[in-house]
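Input: a single structure, listed below in structure tokens.
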Amino acid sequence: MSFFTDLAHQYIDGEWRPGKGSWDIIDFNPYGGEKLASIPVATAEEVDQAYRAAERAQQAWADTNPYSRRGVLEKALRIVEEREPEISEAIVAELGGTRLKAAFEIHLAKEFLRESIQLALRPAGQILPSPTEGKENRVYRVPVGVVGVISPFNFPFLLSLKSVAPALALGNAVVLKPHQNTPICGGTLLAKVFEDAGLPAGLLNVVITDIAEIGDTLLEHPVPQVISFTGSDKVGRHVATVCAANLKRVVLELGGNSALIVLDDADVDYAVDAAVFSRYIHQGQVCMAANRILVDRAVEKEFTEKFVAKVASLRVGDPADPATQIGPLINSTQAEAVSKLVDQTVAAGATALLHGRAEGNVVSPSVLTGLAGDSPVLHQEIFGPVALLVPFDGEDEAVRIANDTPYGLSGAVHTGNIERGVRVGQRMHTGMVHINDGTVHDEPLVPFGGEKASGLGRLNGESMIEAFTTQKWISVQHGRSQFPF
């Protein structure tokens, strides 16, 4: 596909060029298995070149009138709108996203671009009083300088853009490393959009590479002041450790093990719809997905029957078919791991109300129940189409089960009493809770992030300013200070 081969390059200092590494990253279609592109990896030397280019370009960009920076982002938004059909095709081909998922991802990407356009004008300084006579304290909001962004494979276009666009809007330069499975949608596609929007060379660089080639160069390099990472908690811990040793700030958006709670007064039909979407959107490869669906015993039988029936009706297969609701997992390793996890859990005593099977990378949905409280599967993130149904007796037990996980990203509570739902939500140890809704939500203005092993820091809205700017104090003495010697 020429779309992929045209973008199968490194993008450094405004130039498209092959990587100098001795091996290639192969970009495959996870459904059909065909090769989309072959990309020679970037070396540690090229990562250095990318960061140095960003460093050279950043100051002039920071000095640029924010209205001009906003203009580049406005052009980027228009380009995304104009090219939406081909971006959608790329999402379907490169990551096995369904048509519905592609539309969902592009819609959110456009919303975050719109917010970034406004963000360019939002940083404000302060003048603060001083106890010293004649002194004026000015506090400026200034860009951090260069931001390193590492994005995942599940929503690559959105989650790369979500850090790249605000960082650029606020006057920073960026070096982006997309996931190896989605180098185009998560990397060079963004570079092309911003290049065509008129972003000056050096401000956005994309390096397609792997830790096997560059080690921790991307994290340890002296130029970036902030690293924004979205991915697993295992890798996130490593990122945090290396960055702490190098005194760099991090924003970590990590995994989740979300609980969707169905209380005894919930609208069962509506809760079923919310739970099915929350668990099976993009084959369950979503950090906010409802791994665990907790159901009050008073409505357990009705909910379970309707939930299993709806899941069984989901259309599984080719993501290019508009009717498909469950497409492939990202690669064979993930498909095999999910299938093995289901088999092991059933062998350990769980009941499979639906037992999904793998055909290639496509894994049909599973629904498991009858899990022991100490079952390992209840305490981990499942990046695949597997739902765990867990009964409970009353709110206190629901909250206890919901909190019995090392993660704390998202959650939901279904109830006929809104304030009851809010009270339960307040007791859940998670960064985000949605009352009478699904667990999978992201909005441009609302702080997004998790607790515990689900990450550090927040993104979106004013949190973007905290993430990608720093404060500088400049005092002015209008009189004369008195010194003790």
Go through His221 and Lys248 one step at a time and tell me if the side-chain contact (heavy atoms from CB on, under 4.5 Å) criterion holds. CA-CA 10 Å; His221 197 282; Lys248 297 181 188 297; 5.6 Å; no
Can you check whether [Y]'s main-chain N or O pairs, donor with acceptor, with [X]'s side chain at less than 3.5 Å?
X: Ser88; Y: Ala102; result: no
X: Gln58; Y: Gly171; result: yes
X: Thr469; Y: Glu466; result: no
X: Asn460; Y: Val446; result: yes
X: Ser410; Y: Ser258; result: no
X: Arg69; Y: Ala169; result: yes
X: Arg279; Y: Ala289; result: no

Do [Y] and [X] meet the salt-bridge criterion of a basic N to acidic O distance under 4.0 Å?
X: Glu82; Y: Arg78; result: no
X: Glu462; Y: Arg122; result: yes
X: Arg427; Y: Asp396; result: yes
X: Asp196; Y: Arg83; result: yes
X: Lys20; Y: Glu213; result: no
X: Glu136; Y: Arg138; result: yes
X: Asp442; Y: Lys162; result: yes
X: Arg420; Y: Glu395; result: yes

Report yes if some heavy atom in the side chain of [X] is under 4.5 Å from a heavy atom in the side chain of [Y]; otherwise report no.
X: Phe229; Y: Glu253; answer: no
X: Val206; Y: Pro178; answer: yes
X: Lys135; Y: Val476; answer: no
X: Pro156; Y: Leu95; answer: yes
X: His414; Y: Leu263; answer: no
X: Asp216; Y: His238; answer: yes
X: Asn331; Y: Phe153; answer: no
X: Tyr407; Y: Asn291; answer: no

Sort out for me which residue in Val424, Asp437, Leu294 forms a side chain to side chain contact (heavy atoms under 4.5 Å, CB included) with Val413. Val424
Test side chain to side chain donor-acceptor pair (under 3.5 Å) on His379 and Asn257 and set out the steps. CA-CA 7 Å; His379 305 284; Asn257 185 18; 5.7 Å; no
Ser475 and Asn137 side chains, donor-acceptor separation under 3.5 Å: no
We want to know whether Asn154 and His282 form a side-chain donor-acceptor pair, criterion being a heavy-atom distance below 3.5 angstrom. no
From [X] atom [atom1] to [Y] atom [atom2], the distance as rounded to the nearest 0.5 Å:
X: Ile435; Y: Ile261; atom1: CD1; atom2: CD1; value: 9.0 Å
X: Tyr51; Y: Asn205; atom1: OH; atom2: CG; value: 10.0 Å
X: Ser68; Y: Asp63; atom1: OG; atom2: CG; value: 12.0 Å
X: Leu189; Y: Tyr11; atom1: CG; atom2: OH; value: 13.0 Å
X: Glu94; Y: Leu36; atom1: CD; atom2: CG; value: 6.5 Å
X: Arg249; Y: Phe468; atom1: CZ; atom2: CZ; value: 9.0 Å

Going through the checks in order, is the side chain to side chain donor-acceptor pair (under 3.5 Å) test met by Gln180 and Asp210? CA-CA 7 Å; Gln180 301 91 295; Asp210 185 87; 2.3 Å; yes
Check against side-chain contact (heavy atoms from CB on, under 4.5 Å), Trp16 and Gln10: CA-CA 6 Å; Trp16 296 92; Gln10 311 295 332; over 6 Å; no
Please test Thr230 against Ile150 for side-chain contact (heavy atoms from CB on, under 4.5 Å), starting from the C-alpha separation and ending with a verdict. CA-CA 6 Å; Thr230 304; Ile150 304 171; over 6 Å; no
Quick one: side chain to side chain contact (heavy atoms under 4.5 Å, CB included) partners of Ser22, sequence neighbours excluded? none
Sequence neighbours left out, what passes side chain to side chain contact (heavy atoms under 4.5 Å, CB included) with Arg114? Give chain and number order. Leu77, Glu81, Lys110, Glu111
Between Pro66 and Ala120, the two heavy atoms sitting closest are CB-O, 3.3 Å
Do Arg458 and Glu451 pass the salt bridge (charged side-chain N to carboxylate O under 4.0 Å, His left out) test, and can you show the C-alpha distance, the side-chain angles, and the key distance before you say yes or no? CA-CA 10 Å; Arg458 295 291 186 269; Glu451 303 296 332; 2.7 Å; yes
Is the CD atom of Glu133 crowded by more than 12 outside heavy atoms at less than 6.0 Å? no
If you count every heavy atom of other residues, nucleotides or ligands that lies below 6.0 Å from Arg17 atom CZ, does the total exceed 12? yes
After noting the C-alpha distance and the side-chain angles of Gln285 and Ile330, does the key distance pass the side-chain contact (heavy atoms from CB on, under 4.5 Å) rule? CA-CA 9 Å; Gln285 298 175 118; Ile330 191 64; 3.7 Å; yes
